[in-house]
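What follows is a set of notes on a single structure, which appears directly below.
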Amino acid sequence: MSTTITAGDVTDFSGGGEERRKVAIILAFCGVGYLGMQRNPGAKTIEGELEEALFRAGSVTETDRGKPKQYDFTRCARTDKGVSAVGQVVSGRFHVDPPGFVDRLNANLPDQIRLKKFCDRRRYVYLLPVFALDPYVKCFECSERGRKNKITGVVGKLKGDSFDAKSLDVRSDITSNSLSALRTDVKSKFCYGEEEKERFNRILSYYVGSYNFHNFTTRIKADDPAANRSIISFTANTVISLDGIDFIKCEVLGQSFMLHQIRKMMGLAVAIMRNCAPESLIETAFSKDVNITVPMAPEVGLYLDECFFTAYNNTQFEDGHEEVSMEAYKEEAEAFKLKHIYSHIGSAERRYGSVALWLHSLNYRNYPDLNYGRNGHNTEPVLVYKTVGEAQETTEPEQNDENSQVKTSKDTITVVA
């Protein structure tokens with residue numbers, strides 16, 4: 001969508017003297033091609049598009065354009081680059097008269113952003129390919145070709161430990177040939193049956209409650225009150241088929257979420273389901289004294305499904321008030337999901353294999369913290385190595401890692417693969 005403004009493009013309703021009104025806007029959007037929800041000068045964002053539409057529709061004046069504080073703009077939740085939403089809510093003081101406010105905004109927004117009322121809980125959905133839970137869909141042997149990847153801060157350590165992990169170089173065997181294979185099709189006979197569903201839901205249930213999620217975000221320390229979050233429910237009971245690929249619909253309901261929190265929660269849950277980490281690692285990660293790096297699932301399967309206003313809806317006002325809910329737009333929201341969000345997630349996995357490529361990196365070489373706690377919470381850093389061309393791997397029995405030998409070192413972390 002072009003953001004060039006001409007005189008004929010802008011509808012001027014602000015000159016009639018009507019006052020601005022405080023309104024809440026429910027909107028849905030497909031996040032592909034956008035660098036997140038939050039306005040960021042010079043970047044293509046959802047809020048940037050919305051602000052332009054508000055200006056074109058005459059709801060924001062030329063004086064206030066580019067100054068969201070002037071019209072008390074707020075959002076219920078932020079989304080990262082590429083993440084979609086079905087029930088996002090924003091509010092502000094806008095010129096909404098004459099009638100037709102929503103229609104005017106939609107007329108000035110791209111098709112992948114559509115408008116659909118204080119928010120106290122949010123529900124996100126992550127569509128995870130069923131094959132991601134199959135422990136046999138992985139790279140068994142890594143060749144010595146490929147690119148180097150630098151992963152920072154990969155070693156688990158206790159607070160106050162003198163060791164400071166700078167970085168870790170690992171070699172990936174993702175070549176052009178393997179990329180093509182991963183993109184086209186992932187062969188798996190894995191079935192998300194009742195036994196698998198019961199186990200995965202049990203793993204997700206460890207997140208339910210109020211905990212310190214400092215290991216599931218970035219730039220927030222364990223002693224920061226902002227790290228404390230409450231998860232109300234986390235379930236994975238439904239399977240849907242998109243573009244010939246079966247996806248598990250993972251629904252998480254919480255009061256609020258931090259940057260990357262849901263993707264990291266999903267990443268660790270998948271690692272546990274694939275037997276790469278013990279179930280106890282989730283509870284260990286909640287400890288303020290433990291700093292570990294957990295895997296982060298790709299962003300393409302995540303979208304904000306709905307924002308809820310339970311406290312407001314349950315409050316009794318003398319003059320009454322209209323309930324804030326998505327119920328009236330349920331059918332419209334489902335149609336939007338199918339047309340824009342689900343179709344994008346299915347086709348993106350089929351074309352680019354985002355999850356398949358991510359699974360390739362889900363191993364102890366890239367994430368040695370997945371083994372954290374299996375050796376009695378050993379707080380000393382470890383030296384992980386593999387001899388090139390070695391005929392037989394020597395592995396500590398308790399490590400359960402068929403690709404590496406683990407030894408203690410006080411100074412160095414090196415991976416040679």
Side-chain angles (χ1 to χ4, degrees), residues 36-38 40 74-81 83 85 88-89 118-126 151-167 203-235 250-272 277-299 302-305 307-308 310-311 366-373 377 379 381:
M37 173 73 190
Q38 192 170 5
N40 186 6
T74 60
R75 72 190 73 81
C76 281
R78 290 179 295 183
T79 56
D80 298 337
K81 176 178 72 71
V83 175
Q88 171 65 301
V89 180
F118 172 67
C119 173
D120 50 22
R121 56 183 64 181
R122 292 100 172 145
R123 182 175 63 217
Y124 281 82
V125 172
Y126 193 98
I151 299 178
T152 58
V154 295
V155 178
K157 51 191 179 296
L158 289 180
K159 185 177 179 181
D161 191 271
S162 59
F163 178 78
D164 181 21
K166 298 296 184 182
S167 63
I203 293 170
L204 296 177
S205 71
Y206 288 119
Y207 293 118
V208 177
S210 298
Y211 301 106
N212 189 306
F213 283 89
H214 71 102
N215 281 312
F216 296 88
T217 186
T218 57
R219 300 191 297 273
I220 293 183
K221 304 299 182 182
D223 57 358
D224 189 333
N228 297 313
R229 302 286 160 146
S230 295
I231 305 300
I232 300 167
S233 65
F234 205 161
T235 59
C250 306
E251 301 181 73
V252 56
L253 179 66
Q255 292 182 347
S256 60
F257 299 91
M258 297 178 289
L259 179 67
H260 301 325
Q261 181 182 340
I262 297 174
R263 292 169 59 191
K264 283 179 174 283
M265 291 164 66
M266 284 299 304
L268 182 53
V270 170
I272 293 171
E279 292 186 18
S280 62
L281 188 57
I282 294 179
E283 294 178 332
T284 300
F286 292 146
S287 173
K288 287 186 176 182
D289 296 328
V290 175
N291 292 318
I292 61 176
T293 296
V294 300
M296 183 168 67
E299 78 271 8
L302 179 65
Y303 67 89
L304 173 64
D305 191 47
C307 293
F308 297 90
T310 52
N366 290 351
Y367 299 100
D369 285 347
L370 293 177
N371 260 329
Y372 186 83
H377 288 195
T379 61

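Scope of the values below: all heavy atoms of this structure, side chains included, with no hydrogens, waters or symmetry mates.
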Main-chain N/O of [Y] paired to [X] side chain as donor or acceptor, under 3.5 Å:
X	Y	result
Tyr207	Met265	yes
Thr217	Leu259	yes
Asn215	Val290	yes

Legend entry - Polar side chain donor-acceptor pair, Arg122 to Ser256, under 3.5 angstrom: no
Sub-4.5 Å side-chain heavy-atom contact between [X] and [Y]:
X	Y	answer
Pro295	Asn366	no
Ile292	Leu281	yes
Tyr303	Gln88	no

Inset, instruction - Grab the two heavy atoms, one from Tyr124 and one from Arg78, that are nearest each other, plus how far apart they are. - result: OH-O, 3.3 Å
Inset, instruction - Specify the closest pair of heavy atoms between Leu304 and Cys307, including all atoms of both residues, with the distance to one decimal. - result: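 Scanning both residues, the minimum pair turns out to be CD2-SG, 4.1 Å.
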Inset, instruction - Could I get the full list of side chain to side chain donor-acceptor pair (under 3.5 Å) partners for Asp305, not counting sequence neighbours? - result: Arg123, Lys337
Inset, instruction - Could you pull out all residues at least two apart from Ser233 that satisfy side chain to side chain donor-acceptor pair (under 3.5 Å)? - result: none
Inset, instruction - Could you tell me which residues satisfy side-chain contact (heavy atoms from CB on, under 4.5 Å) with Ala227, sequence neighbours excluded, listed by chain and number? - result: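 side-chain contact (heavy atoms from CB on, under 4.5 Å) check on Ala227 returns Asn212, His214, Ile220.
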Spatial distance of atom [atom1] ([X]) from atom [atom2] ([Y]) [nearest 0.5 Å]:
X	Y	atom1	atom2	result
Leu302	Ile262	CG	CD1	5.5 Å
Glu299	Tyr126	CD	OH	8.0 Å
Gln38	Asn40	CD	CG	7.5 Å
Glu279	Ile203	CD	CD1	4.5 Å
Asn291	Tyr372	CG	OH	8.5 Å
Phe234	Leu253	CZ	CG	11.0 Å

Legend entry - Any pair counted as side-chain hydrogen bond (donor to acceptor under 3.5 Å, both in side chains), so long as it reaches residues 259-270, sequence neighbours left out: Asp80-His260
Inset, instruction - Classify the ring geometry between Phe213 and Phe286 as parallel (under 30°), tilted (30 to 60°) or perpendicular (over 60°). - result: perpendicular
Inset, instruction - Report the residues that fulfil salt bridge (Lys or Arg N to Asp or Glu O under 4.0 Å) with Arg75, sequence neighbours left out, ordered by chain and then residue number. - result: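 Per chain and number, Arg75 pairs via salt bridge (Lys or Arg N to Asp or Glu O under 4.0 Å) with Glu47.
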Legend entry - Counterpart residues, salt bridge (Lys or Arg N to Asp or Glu O under 4.0 Å), relative to Lys221 (two or more places apart): none
Inset, instruction - Decide side chain to side chain contact (heavy atoms under 4.5 Å, CB included) for Tyr367 and Leu268; before the verdict, give the C-alpha distance in whole Å, the side-chain angles of both, and the deciding distance to 0.1 Å. - result: CA-CA 10 Å; Tyr367 299 100; Leu268 182 53; over 6 Å; no
Legend entry - Test log, rule side chain to side chain contact (heavy atoms under 4.5 Å, CB included), inputs Phe216 and Met258: CA-CA 8 Å; Phe216 296 88; Met258 297 178 289; 5.7 Å; no
